[in-house]
Q: 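This structure is in structure tokens; I'll ask about it shortly.
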There are 2 protein chains.
Amino acid sequence: MGKAAETRKILLQKAFELIYINGYQATSVDDILATTNVTKGAFYYHFKNKEEMGLAVIKELMHDTMQSQMIEPMLSAPNPLDIIYKIMHDLLLETPFLQIKYGCPTHNLIQEMAPLNENFREALLEVMASTQKKFETALKNAIDNRTIKTTTNVKQVANFIITGYAGIRNIGKLYTSDECYHLYLNELKSYLNSLRT
Amino acid sequence: MGKAAETRKILLQKAFELIYINGYQATSVDDILATTNVTKGAFYYHFKNKEEMGLAVIKELMHDTMQSQMIEPMLSAPNPLDIIYKIMHDLLLETPFLQIKYGCPTHNLIQEMAPLNENFREALLEVMASTQKKFETALKNAIDNRTIKTTTNVKQVANFIITGYAGIRNIGKLYTSDECYHLYLNELKSYLNSLRT
DNA sequence: CTAAAAACATACCAATTGGTATGTTTTGTA
DNA sequence: TACAAAACATACCAATTGGTATGTTTTTAG
């Protein structure tokens, strides 16, 4: 990677981290510059404005992260239902970067920016649409496996599962322990079992 | 209500609406003043600072609204399970003030403010804790009714249901139609049925 | 090596922010 | 009615914001 591309990557990475903690609007360009030792000239050389940078964070960083966090486990699936549970479990309890207090970067951004900015909404929609597709594929496999009922509405169930994750990342912010995560995971397991043949 | 109390109420109500649309941090005191024809002097007579006003919105407005939207339907419950579904249905599809695009005021504030400000977190936790208690009571009634399994973990199920609502209010922001709400409600119905004896 | 383009650095700016200082008006009460 | 306190109004301020103008340095291509 060239030096310029490196600078750009550093900016995106640090912006991502700050946005995760403080939100997009509350993260100032100056904040990003202060924590990267990059200057304003460099920033506005790489990005037309703050919005373009924010969109690049979604399209170039979050999209790929989401994919690698979903695709890889989803492919090596002996039992799709167990894998779905494991993904949720690992995402909630075994991913140190993601903290209960700060929730999920993607759903934070959806909550804050989707209503405010159409470009953000569309970029985030793409991230979530491709994630949902992965779940739907896993569920189709589970149908073929005869693991779950053939009458299962895979789109509906995938939507329900993702919705639950988005929700617990929200509710979790109210608490100071991971108890509610465990509570959620237990009931998720029951729910997933209710799908079985 | 005295005139001063009226002014205070107007400020809280308009602040609530603006915060719902734009978020707490993005809603400036000047915005609130401009849309209420109240002056800055009056604002800072009624509230020590912006934070105190925000907390008053939660404690004096949102808490009561949430209660009346939950308690009343929850009490007149012939079948608790059906009532839970109806509450969700009405909240999502029959409450004009709440728009898909802007989600739910409470969960918006949780997402934005809980990690940033301990006072907000605690105030919001109280709102959600009392809401969850209502659901737990309804579920206990459903157990006594023999509607749902006696082995049901009411706390866990209540948490799961609320979590789903928080989630769909988040995911819904990505879309321009209420299709995903219907999708969610359909699967919620299936899930609730899976709880039955 | 050299010129031009890419990459970065510095200094600045107008607008907006939450908040304050210092008033004036209104209201309750003796 | 008198007067003090409550309620409100106006003018200001320092800090922060995203962004720009105008540089200098570093790469790259011929």
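Each chain gets a letter, A, B and so on, in the order its sequence line appears, and its residues count up from 1.
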Q: Taking NZ from B/Lys48 and P from C/dG19, how many angstroms apart are they, rounded to a whole number?
A: 10 Å

Q: Strictly under 6.0 Å, is that where the ring centroids of B/Phe135 and B/Tyr165 end up?
A: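 That pair fails the under 6.0 Å test.
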
Q: Once salt bridge (Lys or Arg N to Asp or Glu O under 4.0 Å) is applied, what residue pairs with a partner in residues 42-66 of chain A remain, sequence neighbours excluded?
A: A/Arg8-A/Glu60

Q: Output the rounded distance in Å from CD (B/Glu51) to C1' (C/dG19).
A: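 These atoms are roughly 14 Å apart.
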
Q: Hey, could you give me each pair passing salt bridge (Lys or Arg N to Asp or Glu O under 4.0 Å) that has a residue in residues 14-28 of chain B? Not counting sequence neighbours.
A: B/Lys14-B/Glu17

Q: Using salt bridge (Lys or Arg N to Asp or Glu O under 4.0 Å) as the criterion, list what pairs up with B/Glu136, not counting sequence neighbours.
A: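 Salt bridge (Lys or Arg N to Asp or Glu O under 4.0 Å) check on B/Glu136 returns B/Lys133.
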
Q: Between atom CG in A/Leu33 and atom C1' in C/dC8, what is the gap in whole Å?
A: 12 Å

Q: Between the protein and nucleotides 13-18 of chain D, list the N/O to N/O atom pairs that are separated by less than 3.5 angstrom.
A:
{"residue": "D/dG18", "atom": "OP1", "partner": "A/Lys50", "partner atom": "NZ", "Å": "3.0"}
{"residue": "D/dG18", "atom": "OP2", "partner": "A/Val29", "partner atom": "N", "Å": "2.9"}

Q: If you look only at pairs with a residue in residues 180-197 of chain A, which of them pass as a salt bridge (Lys or Arg N to Asp or Glu O under 4.0 Å), with sequence neighbours excluded?
A: A/Asp82-A/Arg196

Q: Using whole Å, what does the distance between atom C1' of nucleotide C/dT20 and atom CZ of B/Phe43 come to?
A: 14 Å

Q: According to salt bridge (Lys or Arg N to Asp or Glu O under 4.0 Å), does anything in residues 151-161 of chain B pair up with another residue at least two apart or in another chain? List the pairs.
A: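 Residue pairs with at least one partner in residues 151-161 of chain B: A/Glu179-B/Lys155.
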
Q: With a 4.0 Å limit, can you tell me whether A/His46 has a side-chain N or O closer than that to the phosphate oxygens OP1/OP2 of C/dA6?
A: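 Looking at the OP1 and OP2 atoms of C/dA6, neither is under 4.0 Å from any side-chain N or O of A/His46.
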
Q: Starting from C1' on D/dC8, measure out to CG on B/Leu11 and report it in whole angstrom.
A: 11 Å

